[in-house]
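As a basis for the values below, the full set of heavy atoms in this structure was taken, side chains included, without hydrogen atoms, waters or symmetry mates. Note that the structure is a prediction, hence the values are computed from the model and not measured.
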Amino acid sequence: MTAIMEVQRLTKSYGGARGIIDVSFEVGEGEVFGFLGPNGAGKTTTIRLLMALLRADSGVARIAGLDCWRESLAIKRLVGYAPGEPALDPELTGGQILEYLGHLRGGVDQAYLRQLIERLDLDPTRKFRQYSSGNKRKVVLVQALMHRPRLVILDEPTNGLDPLNQQEFGRMVDEVRRDGGTVFLSSHVLTEVEQWCTRVAIIREGRIVRAGGVSEVKDIKRYEVTILFAGAVPAEAFERLDGVASVETTAGGLGLRLEMQGPADAVIKAAAQHRVVSLSSHEPSLEDIFLRYYEADGRAARKATSVV
């Protein structure tokens, strides 16, 4: 697969604050590439370097063979970019903003533009300052897609969107890929990346810690199941079940909190052998998942080092 994006040992320091360190990855033309990490991990810094909004301290980034810093104007002609924090003229309407940006690009297909506006249910007659965060997000998504770019770079694209708009946006991502375009999207939502992306890079504390297929996401994905029973049930009854990573007793012995990785079928069948008062499941934040997963990795590494 031909690489449309090549990042080699990209480094940016903010002095005492965290930046990114030796970040390297490639994005193949025609794929949907997920850039995954908790807030503050370095996703936005990396994207701003790609878009020449920041200058790297060292390393190289290329898009379509062009240097991201020295040839940024040429890159902007073939890229659609949706920033994580939209900052547009508050006194212009959404329609005026899109019209202005379309003219800057030499004109766009007006029928396609109207289609994007309708699909995301955006009211283009309201001023930008009157929009909710979700509607501001819609404006930047439409402007990123309206010229049918060869590469779309999206920073946390679904922040503020309701579930229906998230689904519609997912369909747009699929369409870009089917039409031969490439999508690079940063996210801290595991389910989005798992659903839309073909490959991922995972960044933590400014460094790439994993890169590869979507299976990399499944390796760190965790969710919690909490079960409240009418009577005490020993944690040992669930510890060795498929999909269970750990079990904690709660509610004075009447409840169990299970950290899960994989299907919950075995847990549900085991719980059904007892009188269940309530059962709930939720996915922790990516920050919590990274904290648990990589703390566990760190403890294992330190233990192995001490043994050697």
Side-chain angles (χ1 to χ4, degrees), residues 32-40 43-48 50-51 53 76 79-149 151-179 181-197 283 285-287:
V32 180
F33 190 92
F35 197 42
L36 180 64
N39 291 327
K43 302 188 301 297
T44 295
T45 293
T46 303
I47 288 176
R48 288 176 176 170
L50 292 171
M51 295 304 301
L53 300 175
K76 287 178 174 62
V79 171
Y81 168 53
E85 298 179 3
L88 297 167
D89 191 325
E91 296 304 318
L92 293 180
T93 66
Q96 289 171 330
I97 290 170
L98 294 171
E99 181 182 11
Y100 171 72
L101 294 175
H103 284 315
L104 283 183
R105 290 197 172 276
V108 297
D109 183 338
Q110 292 298 308
Y112 182 60
L113 173 58
R114 287 192 296 271
Q115 183 186 113
L116 292 173
I117 290 171
E118 291 171 4
R119 289 177 65 179
L120 289 176
D121 193 26
L122 172 68
D123 179 358
T125 66
R126 299 184 65 185
K127 290 187 176 181
F128 192 76
R129 62 178 170 80
Q130 297 174 323
Y131 283 138
S132 64
S133 60
N135 282 314
K136 289 177 179 178
R137 177 72 50 198
K138 293 175 187 179
V139 174
V140 295
L141 289 176
V142 170
Q143 66 80 30
L145 295 168
M146 65 184 181
H147 57 295
R148 292 190 173 94
L151 170 66
V152 186
I153 297 178
L154 307 168
D155 192 0
E156 301 285 358
T158 61
N159 271 0
L161 296 184
D162 63 40
L164 288 177
N165 287 137
Q166 289 178 19
Q167 290 178 12
E168 187 61 41
F169 171 72
R171 286 189 280 270
M172 292 176 174
V173 168
D174 286 339
E175 289 166 11
V176 171
R177 179 185 54 79
R178 286 199 302 270
D179 291 341
T182 304
V183 179
F184 177 92
L185 66 91
S186 82
S187 180
H188 65 275
V189 182
L190 283 169
T191 51
E192 287 182 358
V193 173
E194 190 175 19
Q195 180 181 357
W196 298 333
C197 298
E283 184 175 303
S285 70
L286 189 61
E287 285 76 8

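Considering only residues two or more places apart in sequence or on other chains, E156 meets the salt bridge (charged side-chain N to carboxylate O under 4.0 Å, His left out) condition with K43. Applying the side-chain contact (heavy atoms from CB on, under 4.5 Å) test to Q110 and every residue at least two apart in sequence or in another chain returns V108, L113, R114. With sequence neighbours left out, N135 forms a side chain to side chain donor-acceptor pair (under 3.5 Å) with S132, K138. Contacts of E85 classified as side-chain contact (heavy atoms from CB on, under 4.5 Å), with partners at least two apart in sequence or in another chain: none. Partners of F184 according to the ring-ring contact (aromatic ring centres under 6.0 Å, His included) rule, which considers only residues two or more places apart in sequence or in another chain, are F25, F33, F35. Under the side chain to side chain donor-acceptor pair (under 3.5 Å) criterion, T182 pairs with no residue at all, not counting sequence neighbours. Take P124 and apply the side-chain contact (heavy atoms from CB on, under 4.5 Å) test, not counting sequence neighbours, and it matches I117. Residues passing the salt bridge (charged side-chain N to carboxylate O under 4.0 Å, His left out) test with E118, sequence neighbours excluded: none.
When all heavy atoms of V193 and G34 are compared, the pair lying nearest together is CG1-CA, 4.5 Å. Between Y81 and Q143, the closest heavy-atom pair is O-NE2, 2.6 Å. Closest non-hydrogen pair, G94 versus V139, comes out as CA-CG2, 4.4 Å. Nearest heavy atoms, P149 versus G80: CB-N, 3.4 Å. Across every non-hydrogen atom of L120 and M172, the tightest pair is CG-CE, 3.7 Å. The heavy-atom pair separating G160 from S133 by the smallest distance is CA-OG, 4.3 Å.
Contact annotation: the side chain of L88 never approaches that of Y131 to less than 4.5 Å [non-hydrogen atoms, C-beta and beyond]. Residues T158 and S187 fail the side-chain proximity criterion, which asks for heavy atoms closer than 4.5 Å. A heavy-atom distance below 4.5 Å is found between the side chains of V32 and C197.
Once rounded to the nearest 0.5 Å, the distance linking CD of Q96 with CZ of F128 reads 13.0 Å. Taken to the nearest 0.5 Å, the CG atom of D155 stands 3.5 Å off from the OG1 atom of T44. In this structure, L141 CG and L161 CG are separated by 6.0 Å, a value rounded to the nearest 0.5 Å.
Among residue pairs with one or both ends in residues 87-112, those qualifying as salt bridge (Lys or Arg N to Asp or Glu O under 4.0 Å) are E91-K127, E91-R129, D109-R148; sequence neighbours excluded. The salt bridge (Lys or Arg N to Asp or Glu O under 4.0 Å) pairs that include a residue from residues 162-174 are R119-E168, E168-R171, where partners are two or more places apart or lie in different chains.
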D123 and T93: CA distance, side-chain angles, deciding distance, side chain to side chain contact (heavy atoms under 4.5 Å, CB included) verdict: CA-CA 9 Å; D123 179 358; T93 66; over 6 Å; no

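K136 contributes no side-chain N or O that, together with a main-chain N or O of A87, makes up a donor-acceptor pair within less than 3.5 Å. Although no hydrogens or angles enter the test, the distance criterion places a donor-acceptor pair under 3.5 Å between the side chain of R137 and the main chain of N159.
Taking a 6.0 Å sphere around OH of Y100, one finds it holds 12 or fewer heavy atoms contributed by other residues, nucleotides or ligands.
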